[in-house]
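Every chain is numbered from 1 and lettered A, B, ... according to where its sequence line falls, protein lines coming before strand lines. For clarity, every value in this text was computed on a predicted model and none was experimentally measured.
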Amino acid sequence: MRNSFFRALEEHAQPETVFITGDLGFGVLDNFIKKFPAQFINAGVAEQNMVGMAAGLALAGKKVFAYSIANFTTLRPLEQIRNDVAYHNLNVTIVSVGGGLAYGSLGVSHHATEDIAIMRAIPNMKVFAPGDTVEAYHITKKIITEISGPVYLRLGRAGEATIHSEESIKKIILGKGFPLIESSSKELALLSTGGMLETAVNVSAMLKEKGIESSVYSFHTIKPMNVEQVRGLFKEYKYVATLEEHSGTGGFSSAVLESLVGATGIRLENFIPFSLPSQFISKVGDQNYLRDVYGLSAQKIVEKLQNVQSKVKNNI
Amino acid sequence: MTALELAKRIRIHAVKMTAHGKSSHVGSVLSIADILAVLYNDILRVKPAQPDWKDRDRFILSKGHAGAGVYAVLAEKEFFPTEILNTHCQNGSSFSGHISHLGIPGVELSTGSLGHGLSVGVGLALAAKMDKKDYRTFVVMSDGECDEGSNWEAILFSSHHKLDNLIAIIDYNKIQSIAPVKDTIGLEPFADKFISFGWNVSTVDGHNIDDLKHTLSAVPLCKNKPSVIIANTIKGKGISFMENKVLWHYRSPQGEELERALKELETLHTK
């Protein structure tokens with residue numbers, strides 16, 4: 001995803017585009033720097049100044065990307081994001097790498113598990129969490145060329161799969177969950193955000209082997225949440241599950257639930273959120289290991305979904 | 001209007017606004033009244049009828065709690081009518097106690113949390129360099145605000161990038177929120193800190209109009225270096241019973257105090 005972000009930046013940067021890094025990106029910045037030396041700034045290990053400066057550049061007409069590892073570009077300069085960028089509704093995109101547990105073995109400081117909750121609470125802020133390399137490229141291009149105002153762009157790290165086909169790229173619409181797999185059965189919809197997309201697709205395939213049909217939607221846009229679409233999916237499907245590598249407090253599942261407030265004819269007992277517990281993960285491990293520990297591996301998700309389904313069936 | 005006359009008007013407006021709005025920080029406004037007057041009367045290239053003019057100099061009040069002073073000077077310079085100043089801190093007004101930009105022509109940046117303005121100023125100055133524009137960026141900061149670490153990030157960055165179009169003016173009234181600066185987190189040797197960070201430093205009497213005008217009239221003050229002007233000031237300047245009193249960081253002048261304050265200001269010389 002990180003590489004796709006940079007590829008989009010290199011291919012679509014405009015004269016007003018400015019990229020600032022908080023002293024991170026060894027080995028991935030070279031092409032951009034070579035192509036746009038005057039539009040690159042290394043702010044040093046100083047994220048508060050990085051974001052304040054990004055606001056100043058944007059006030060002067062620049063469209064700025066401020067980049068670092070997730071917590072360093074969100075939590076550290078949070079007030080600069082809120083007061084300087086968002087209140088002034090400026091063209092600044094806060095780009096985070098390592099969303100979720102991508103840096104699992106590095107410890108709690110590098111686990112970005114509250115960023116979606118915090119960023120989406122800020123007025124004027126749009127929140128995107130692309131699900132694969134294609135979405136990362138497409139969304140970055142859109143931010144450069146079309147979107148205005150503050151954006152939070154949550155990327156994974158590197159090595160994520162490419163899920164979309166060449167054909168489906170053209171159909172990606174920001175602000176709308178993309179139906180990657182549409183089953184004719186309306187048993188289960190898996191709504192995935194960010195890097196959980198590959199897992200969601202795997203879950204769908206594993207369930208199919210067990211005779212359970214499911215659809216997979218990639219919710220790359222968390223804010224603004226498409227309330228109408230979410231309500232529609234809850235009405236259409238018997239079960240709706242959300243998948244996010246983020247705390248269950250305030251993240252994607254919360255945003256989905258918020259969009260149901262006031263809706264009629266919705267059965268919340270068939271809503272199954274998959275997220276991280278609101279706790280510090282002090283036992284380290286790689287991303288796949290930690291996902292499994294916290295119930296976010298395809299295997300664990302399938303097990304839970306089967307359990308829920310059989311319990312409901314038995315009750316009936 | 002002379003800068004001296006403008007400074008007097010800023011002070012009178014500020015006292016009335018903080019009294020009417022029952023708001024704090026009149027002492028903080030009075031200490032920068034002369035700086036604001038010189039900037040807006042003699043230094044800043046701005047067009048009140050065209051506040052978004054692209055080549056304007058940028059002014060940022062980083063010590064946002066003294067917003068009443070900027071509102072007052074903008075009104076006097078006809079960015080908007082002076083009558084609006086009466087709404088300061090009133091229900092439904094845009095004129096918040098800490099400076100806000102929304103719906104207020106001439107205000108570049110909303111502040112209020114300390115340690116933000118300089119970094120934004122760095123961004124503006126950097127953009128001017130990128131675009132080969134000759135506008136300058138002025139940032140007025142407080143002394144207590146220099147406790148904020150974010151400023152020192154900005155100070156490091158701007159000398160490394162040789163931002164000689166950036167001018168920080170520090171209102172060194174030596175009193176911060178609840179006690180004197182020297183008893184809180186001392187800043188001395190203050191000028192030396194900036195020098196060692198690669199800045200050009202000037203020290204001025206922040207209430208001497210000629211001194212301020214002289215220092216600010218030749219920006220960049222030093223080629224290839226950002227400049228800081230350490231303005232020695234007096235908190236509450238111009239009203240005898242407010243001068244150098246931490247109380248007037250908070251207290252709003254009412255009744256007899258208000259009358260006395262306005263009477264004292266009326267007698268200030270303007271020549």
> Do other residues, nucleotides or ligands put more than 12 heavy atoms under 6.0 Å from Gln90(B) CD?
Replying inline: yes
> If every non-hydrogen atom of Val120(B) is compared with every non-hydrogen atom of Ala55(A), which pair is closest and at what distance?
Replying inline: CG2-CB, 4.3 Å
> Of all heavy-atom pairs between Gln80(A) and Ser150(B), which one has the smallest distance, and what is that distance?
Replying inline: NE2-CB, 4.2 Å
> Quick one: what part of Val51(A) sits under 4.5 Å from any heavy atom of chain B, side chain, backbone, both or neither?
Replying inline: neither
> Within a reach of under 6.0 Å around CZ of Arg76(A), are more than 12 heavy atoms found that belong to other residues, nucleotides or ligands?
Replying inline: no
>> Can you tell me if Ile178(B) has over 12 outside heavy atoms packed within less than 6.0 Å of its CD1?
In response: no
> For Gln14(A), does the CD atom sit with more than 12 other heavy atoms under 6.0 Å from it, leaving out its own atoms?
Replying inline: yes
> Does a sphere of radius 6.0 Å around NZ in Lys141(A) hold more than 12 heavy atoms from other residues, nucleotides or ligands, not counting ones at 6.0 Å or beyond?
Replying inline: no
> What are the two closest non-hydrogen atoms of Ser110(B) and Tyr87(A), and how far apart are they?
Replying inline: OG-CE2, 3.0 Å
> Considering only heavy atoms, which portion of Ile41(A) lies under 4.5 Å from any heavy atom of chain B: side chain, backbone, both, or neither?
Replying inline: side chain
>> Other residues, nucleotides and ligands only: do more than 12 of their heavy atoms fall within 6.0 Å of NZ on Lys77(B)?
In response: yes
>> To the closest 0.5 Å, what do you measure between CG (Leu126(B)) and CD1 (Ile20(A))?
In response: 7.5 Å
>> To check you understand the geometry: which heavy-atom pair defines the closest contact between Glu153(B) and Asn49(A), and what is its length?
In response: OE1-N, 2.8 Å
> Hey, mind stepping through Glu108(B) and Leu59(A) against side chain to side chain contact (heavy atoms under 4.5 Å, CB included) and telling me if it holds?
Replying inline: CA-CA 8 Å; Glu108(B) 300 283 354; Leu59(A) 276 172; 5.5 Å; no
> Got more than 12 heavy atoms from elsewhere within 6.0 Å of NZ, Lys193(B)?
Replying inline: yes
>> Shorter than 4.5 Å, heavy atoms on both sides: which option in Ala60(A), Ala46(A), Gly44(A), Gly61(A) has the most such pairs with chain B?
In response: Ala46(A)
> Any idea how His101(B) and His88(A) line up, ring-wise: parallel (<30°), tilted (30 to 60°), or perpendicular (>60°)?
Replying inline: parallel
> When rounded to the nearest 0.5 angstrom, what is the spacing between CG in Asn151(B) and CD in Gln48(A)?
Replying inline: 9.5 Å
> Would you find more than 12 non-hydrogen atoms of other residues, nucleotides or ligands less than 6.0 Å from Arg120(A) atom CZ?
Replying inline: yes
> Given side chains that start at C-beta, do those of Val18(A) and Met130(B) come closer than 4.5 Å, heavy atoms only?
Replying inline: yes
> Between Ser113(B), Gly115(B), Ala128(B), which residue shows the highest count of heavy-atom pairs closer than 4.5 Å to chain A?
Replying inline: Ser113(B)
